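Naming: A, B, ... by sequence-line order, numbering from 1 per chain. Note that the coordinates shown come from a computational prediction; the quantities given were computed from them, not determined experimentally. Values below: all heavy atoms of this structure, side chains included; hydrogens, waters and symmetry mates excluded.
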There are 2 protein chains.
Amino acid sequence: MSIDRRSGCPINLSLEVFGDRWSLIILRDMIFGGRRHFRELLNGSLEGIASNILADRLKRLMELGLLTKADDPSHKQKAIYSLTEMAITLVPIMAQLGAWGRVWLPVTEELSIRAELLEKGGPPLWEQFMDELRHEHLGAPSKTPPGTPTVRQQLRAAYEEVVARKAEAVTT
Amino acid sequence: MSIDRRSGCPINLSLEVFGDRWSLIILRDMIFGGRRHFRELLNGSLEGIASNILADRLKRLMELGLLTKADDPSHKQKAIYSLTEMAITLVPIMAQLGAWGRVWLPVTEELSIRAELLEKGGPPLWEQFMDELRHEHLGAPSKTPPGTPTVRQQLRAAYEEVVARKAEAVTT
DNA sequence: CTATCCGATTGCATTTTGCAATCAGTTGCA
DNA sequence: TGCAACTGATTGCAAAATGCAATCGGATAG
């Protein structure tokens, strides 16, 4: 499978890669949610993707060079999906999409806190995050000093904090 | 028409707005190509959009608050479409999409030179461009000093330069 | 032995898209 | 006045994509 190439315009070609309702959602869950397995992506996604669509998109994203698949050594039937450098460099796009959506669309606070953190951190934080993803998915040596909290930890902590605050607001 | 709201995630909601093959192409032609009329969008797009799809997307983008429509005083049948602030703030997303596509996809040089210029100019150039779009589409006073070449002029000049150089390469 | 989990695949109904033809009203020109 | 060209669309129809539920054979845990 390859893209249609309706034109050689970079924006058009980018849209041909992930200008559909699911490809970028899957990549979002892998990048920000840390999901690597079929079932994690199937059941973990808030939006409820169908299994046939998920299978099709994973295949497509592999053929386009955004993902790779490998056997999970812990389980003969499990496949583990990894992001390629091509997919990791989508982080700035994700950050901008999140920032725009947060301003203009009816987002929920729990889910937009990550976009806010990513926006506030700016390009340096994006770089740190991409470095971590290269470490996780490509086995690259991490350049961040030991002891530094990972971006994913920060994102998770920010999310938990909002959820806890909301729960408290209900009980009081 | 409103979006489905499969989830309150900013990235998901952004995708629900322009996660299809045409909406962002139309906005690209309006933003970078300066097109404001139905026929300009129909015939000018490199990708060849069908008229029914164009009509549908224009309607949808209006309902979502990204475009407005007004009568063209010069012609009783002409409609002129304008970008809203919501659409103008897509410029950073367009820039990132273009930058990513330029690196990873088989873009043509003529069409990617604009993405390159936008990338090199960075956020300050994006801001200047958005200011110009607010002037053109919203009637806002322009903050750029008189005499400064507009971003669209720069984009056009860069494009012409590449085309001319290519033509020369053929004849020599 | 069996219930559960694994990554998918199948069949089918619904929705979206692509394409060509066409619409009624407006305009420019002879 | 007449007529061709142009305006923003709309219609009908075929093809493709999507959504949904059920199911597959193999692997694993108890």
Taking the side chain of [X] as its heavy atoms from C-beta onward, which of [options] lies nearest to it?
{"X": "B:Lys69", "options": "D:dT18, D:dA9, C:dA8", "value": "D:dA9"}
{"X": "A:Arg39", "options": "C:dG7, C:dA24, D:dT11", "value": "C:dG7"}
{"X": "B:Asp20", "options": "D:dT10, C:dT9, C:dT17", "value": "C:dT17"}
{"X": "A:Arg57", "options": "D:dG8, D:dT10, D:dT18", "value": "D:dT18"}
{"X": "B:Asn52", "options": "D:dC20, C:dC19, D:dT28", "value": "C:dC19"}
{"X": "B:His37", "options": "C:dG7, C:dT27, D:dG8", "value": "D:dG8"}
{"X": "B:Trp22", "options": "D:dA9, C:dG18, D:dA21", "value": "C:dG18"}
{"X": "B:Lys76", "options": "C:dC19, D:dT10, C:dT27", "value": "C:dT27"}

- Between B:Arg28 and B:Trp22, is NZ or CZ placed under 6.0 angstrom from the six-membered ring centre and within 45° of the ring axis? no
Give the rounded distance in Å between these two atoms: [atom1] of [X] and [atom2] of [N].
{"X": "A:Ile26", "N": "D:dT18", "atom1": "CD1", "atom2": "C1'", "value": "13 Å"}
{"X": "B:Ile53", "N": "D:dT11", "atom1": "CD1", "atom2": "P", "value": "15 Å"}
{"X": "B:Ile49", "N": "D:dG8", "atom1": "CD1", "atom2": "C1'", "value": "14 Å"}
{"X": "A:His75", "N": "C:dA8", "atom1": "NE2", "atom2": "C1'", "value": "14 Å"}
{"X": "B:Lys78", "N": "C:dA24", "atom1": "NZ", "atom2": "P", "value": "23 Å"}
{"X": "B:Glu40", "N": "D:dA9", "atom1": "CD", "atom2": "C1'", "value": "16 Å"}
{"X": "B:Leu67", "N": "D:dG8", "atom1": "CG", "atom2": "C1'", "value": "15 Å"}
{"X": "A:Arg60", "N": "C:dA8", "atom1": "CZ", "atom2": "C1'", "value": "19 Å"}

- Task: Would you mind checking if B:Glu47 and A:Arg5 are paired as a salt bridge, meaning a charged N to carboxylate O distance below 4.0 Å?
- Result: no
- Query: Does the pair B:Arg57/B:Asp20 count as a salt bridge with the N-to-O cut at 4.0 Å?
  - Reply: yes
- Residue pairs passing the side chain to side chain donor-acceptor pair (under 3.5 Å) test with at least one member in residues 121-130 of chain A, sequence neighbours excluded, are A:Gln128-A:Glu132
- Would you kindly compare A:Ala50 and B:Phe38 by the position of their nearest DNA chain D nucleotide and give the one closer to the 5′ end? B:Phe38
- Look at the side chain of A:Gln77 and the base of C:dG7, then say whether one donor and one acceptor between them are separated by less than 3.5 Å. no
- Note on the structure: side-chain hydrogen bond (donor to acceptor under 3.5 Å, both in side chains) filter on A:Glu85, not counting sequence neighbours, yields A:Arg134
